[in-house]
Structure formats: C-alpha cells, structure tokens
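Values below: every heavy atom of this structure, side chains too, minus hydrogens, waters and symmetry copies. Residue numbering restarts at 1 for every chain, and letters A, B, ... go by the order of the sequence lines. Given the structure is predicted, the values throughout are model-derived calculations rather than measurements.
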Protein chains: 2
Amino acid sequence: MLYSINPVHVLVADDTGELAMAAPHKTAPKPEPGEERLEFLADLVGYHLRRASIRDMQGMSAALESLSLRAVPLSVLLMIVENPGISAADICRAIGLKRANIVSILAELEQRGLFLREADPNDNRVQKLFPTRTGKELTAEALERLKDHEDHLLCALSGSERAELRRLLMKVWQGDEGD
Amino acid sequence: MLYSINPVHVLVADDTGELAMAAPHKTAPKPEPGEERLEFLADLVGYHLRRASIRDMQGMSAALESLSLRAVPLSVLLMIVENPGISAADICRAIGLKRANIVSILAELEQRGLFLREADPNDNRVQKLFPTRTGKELTAEALERLKDHEDHLLCALSGSERAELRRLLMKVWQGDEGD
DNA sequence: TATTGTTATACTCTATAACTATA
DNA sequence: TATAGTTATAGAGTATAACAATA
C-alpha cells in the first residue's frame with residue numbers, strides 16, 4: 001500500500017540516498033476558511049536545494065572513499081597544504097571546527113604521514129603544521145576526484161547553465177552577509 | 001595571523017553557521033610538471049551548493065525552533081497529516097528512516113497530542129496513524145514558517161531567478177535517475 | 001518465511017567543560 | 001587574563017541485530 005505517496009517530497013536524507021521529510025502533494029483539498037491550504041514542499045526552492053546538495057554530498061563521499069578521506073579531514077589537510085605552517089587553532093577558526101574535534105583528525109592525518117608538526121619559535125604554545133609530499137599528492141588526487149564528481153553531478157547542465165547556477169547559488173548564500 | 005586565508009572556501013559547516021573545508025585560492029603557483037595545479041573549490045558549483053544548502057538548513061532549523069520541531073519529526077508529522085491512516089513502516093519507507101529510529105520520534109509527537117494511533121482491522125501488526133486537529137494546525141504553522149524562511153533565503157533573487165534556480169536544481173538532483 | 005513495532009546497542013559527528021602550558 | 005593543545009564527556013542522528021506478535 002501507500003503507492004499513493006508519489007512523488008515523495010524531501011527535506012532530509014540518510015546516508016543511503018534514501019530521503020526523509022515527505023510533503024503534501026497533488027489533489028489539494030479546496031482550502032477551507034480557517035484551515036488554509038499548505039504550501040507544497042516541491043514548490044520551495046529549498047526543497048530542491050536540499051535534494052541537489054544531498055546528491056552532491058553522496059557523490060563527494062563516494063569520490064573520496066577509496067582515498068580513505070572524508071570531507072572534514074580533507075578540509076583540514078587542504079588547509080595545511082594551502083597554508084603551510086598554519087596552526088590547528090587557525091584551521092579551526094577558518095573552517096568552523098571546535099578545537100577539541102580537530103585533535104583526532106590531526107592524529108589520523110599525522111599517522112598517515114600527510115603532514116608534520118613543528119614547534120613555533122615565536123610561541124611555544126602553537127604547533128606549525130606542514131604538509132608532506134604525500135600529503136600534497138593525496139590532496140591533489142582528492143581535488144581531482146572532486147572535479148570529476150562535479151562533472152558527473154552537472155552532466156545534465158550546459159556550460160552556461162552551470163555558470164548561471166553557480167551565480168544564483170552565490171547570491172543565495174551571500175544573502176546572509178547583511179544579516 | 002592567517003589573514004591570508006581569505007576568502008575561505010567551504011565544503012562542510014557546523015551548526016553555528018561557521019564553515020568547514022577551506023580551499024586553495026588566488027596566486028596559484030605556476031603548475032609544475034608532475035605537480036599540476038589544483039582546482040579551486042570556489043570554482044566548483046558543489047561548493048556554492050553546499051554553502052547555500054547550509055544557509056537554508058540553518059534558517060529552517062531556526063524557523064522551526066520555537067515550534068519545538070526539527071526536520072525529521074516534522075517530516076513524520078507531515079506524512080501523517082497528508083496521509084491519514086498511514087503506518088509507521090510506510091512512513092519509514094517513504095522518507096528513508098530506519099524503523100527503529102521512528103519509535104522515539106512517534107513517542108514524542110504522540111505525547112504532544114499531535115497524532116493518534118488506531119489498530120488496523122485488516123492487519124493486527126500495524127497501527128494506523130491519524131493527525132489530531134492540533135497536529136494539523138502545528139503542521140500548517142510549520143509550513144508557513146518554512147515559506148517565510150524561503151522568502152528570506154531568496155530575497156536577493158528576482159522571481160524569474162528563483163524559478164530558474166529551481167529548474168536548474170531539479171536537473172541536478174534528477175540527474176541520478178539514469179544511474 | 002516475512003513484516004510490524006520495539007528494544008538494545010554502536011558508531012559518527014558535533015557540543016561543552018575543564019585541564020596544562022604557555023603568553 | 002587569554003590562548004593552544006588536549007582530554008573527557010554528552011548529545012544528536014543514524015546504523016545493525018534481535019525479539020514477540022502477526023501475516
């Protein structure tokens with residue numbers, strides 16, 4: 001039963017690609033006074049934003065899986081590669097991690113030989129982090145895979161559509177700058 | 001220090017609106033043979049998709065907070081409101097929840113008087129779930145707030161831009177249908 | 001044998017609090 | 001006092017395994 005739920009409207013999703021948060025659909029009962037008709041989630045841009053982002057994230061995870069990298073550890077490694085000598089605290093500020101939570105991430109990246117710690121001569125509290133050659137190579141490989149993933153994600157869009165989508169998305173997230 | 005990291009490029013973010021996963025930027029060193037230049041994350045549509053989705057989700061959480069509703073419980077309630085008599089297992093299939101995880105969600109929604117359980121005369125294993133008037137009203141209020149949130153999220157876009165954004169996003173997430 | 005609702009449990013991600021050593 | 005790195009811990013959210021009742 002429940003074939004009546006189709007299509008399913010989504011706001012959240014699990015790791016398997018399945019979707020959560022269904023919503024109203026077709027055959028809307030005529031709005032009654034005092035019980036107005038609900039908006040359909042499928043009308044909301046946010047609904048499609050969510051689904052597109054879910055597909056992106058899933059593809060990203062898959063693209064990085066064989067490198068044994070997930071998004072946050074890659075973010076940390078990328079910060080080190082692009083900013084050699086950066087401190088852990090600065091990474092946390094830059095990418096919004098809590099200081100407590102970068103410890104285990106760095107421990108694993110260090111154990112894999114992807115970066116080295118060095119004492120900061122100017123401040124004995126801080127450790128300066130430097131990428132190893134292996135770390136740089138893994139980062140480059142990861143970013144290549146992200147690019148390939150993106151090409152697959154957007155395969156239904158033309159070049160100009162991709163540019164327009166990027167432009168519109170930038171306006172969406174930059175809209176909070178005036179908050 | 002670290003003013004050099006600007007702008008920060010993001011792939012993941014925490015609950016506070018801060019961002020994670022910075023990326024390369026400007027002044028790219030000339031690509032050397034065997035050490036090719038990395039893509040800039042800010043060039044990736046997925047980067048902006050992620051940031052836009054983050055802003056959307058945060059606004060959604062904020063919009064629902066005073067109703068003591070989060071995305072998944074609202075999804076479940078919405079399924080009941082839009083499909084009176086639905087079973088918990090069918091909700092789970094529709095929105096991608098594991099059966100084990102809907103139990104506590106239903107317990108809370110039930111305690112708040114938002115729906116009622118009724119035995120299914122055709123199958124004694126299943127409980128049919130029906131929304132109460134309170135549940136319907138809360139759902140309507142929640143969806144109104146989601147609509148208000150959307151208006152704020154997209155305030156920088158014109159009507160035609162919103163329509164175009166929705167069209168492009170649909171092409172992105174529907175691109176996985178041929179997989 | 002398969003399904004429903006349920007309990008117990010584990011794992012990931014993220015949050016706070018508190019410690020130590022430095023500044 | 002403020003900050004860096006660290007530890008411990010707690011809370012979401014989501015995953016699996018197993019059970020009793022029913023089909």
(message) For C:dT4, does the base pair up with any side-chain atom of B:Arg99 as donor and acceptor (N or O, under 3.5 Å, distance only)?
(response) no
(message) When you measure only distances, ignoring hydrogens and angles, does the side chain of A:Asp123 come within 3.5 Å of the base of D:dA4 through a donor and an acceptor?
(response) no
With a 4.0 Å cut-off, would you call [X] and [Y] a salt bridge?
{"X": "B:Arg162", "Y": "B:Asp151", "result": "yes"}
{"X": "B:Arg167", "Y": "A:Glu164", "result": "no"}
{"X": "B:Asp148", "Y": "B:Arg145", "result": "no"}

Measure from [atom1] on [X] to [atom2] on [N] and round the result to the nearest Å.
{"X": "B:Glu108", "N": "C:dT6", "atom1": "CD", "atom2": "C1'", "answer": "18 Å"}
{"X": "A:Leu106", "N": "D:dA4", "atom1": "CG", "atom2": "P", "answer": "14 Å"}
{"X": "B:Leu109", "N": "C:dG5", "atom1": "CG", "atom2": "P", "answer": "15 Å"}
{"X": "B:Ile105", "N": "C:dT6", "atom1": "CD1", "atom2": "P", "answer": "13 Å"}
{"X": "B:Leu129", "N": "C:dT4", "atom1": "CG", "atom2": "P", "answer": "13 Å"}
{"X": "A:Gln127", "N": "D:dT3", "atom1": "CD", "atom2": "P", "answer": "18 Å"}
{"X": "A:Lys98", "N": "C:dA18", "atom1": "NZ", "atom2": "P", "answer": "16 Å"}
{"X": "A:Ile91", "N": "D:dA4", "atom1": "CD1", "atom2": "C1'", "answer": "13 Å"}

What nucleotide among [options] has an atom nearest to a side-chain atom of [X]?
{"X": "B:Arg125", "options": "D:dT22, D:dA4, D:dT6", "value": "D:dT22"}
{"X": "B:Val103", "options": "D:dA2, C:dA18, C:dT7", "value": "C:dT7"}
{"X": "B:Leu97", "options": "D:dA4, D:dT14, D:dT22", "value": "D:dT14"}

(message) Pick the closest DNA chain C nucleotide for A:Asn101 and for A:Asn122 by heavy atoms, then say which residue is nearer the 5' end.
(response) A:Asn101
(request) Supply the atom-to-atom distance B:Glu150 CD to A:Asp43 CG, rounded to the nearest 0.5 angstrom. (result) 9.0 Å
(request) Could you point out which residue of B:Leu109, B:Leu116, B:Leu106 forms a side chain to side chain contact (heavy atoms under 4.5 Å, CB included) with B:Leu129? (result) B:Leu106
(request) Kindly say if B:Arg70 contacts the phosphate of D:dG11, meaning a side-chain N or O under 4.0 Å from OP1 or OP2. (result) no
(message) Counting only side-chain nitrogens and oxygens, does A:Asn124 get under 4.0 Å of the OP1 or OP2 atom of C:dA21?
(response) no
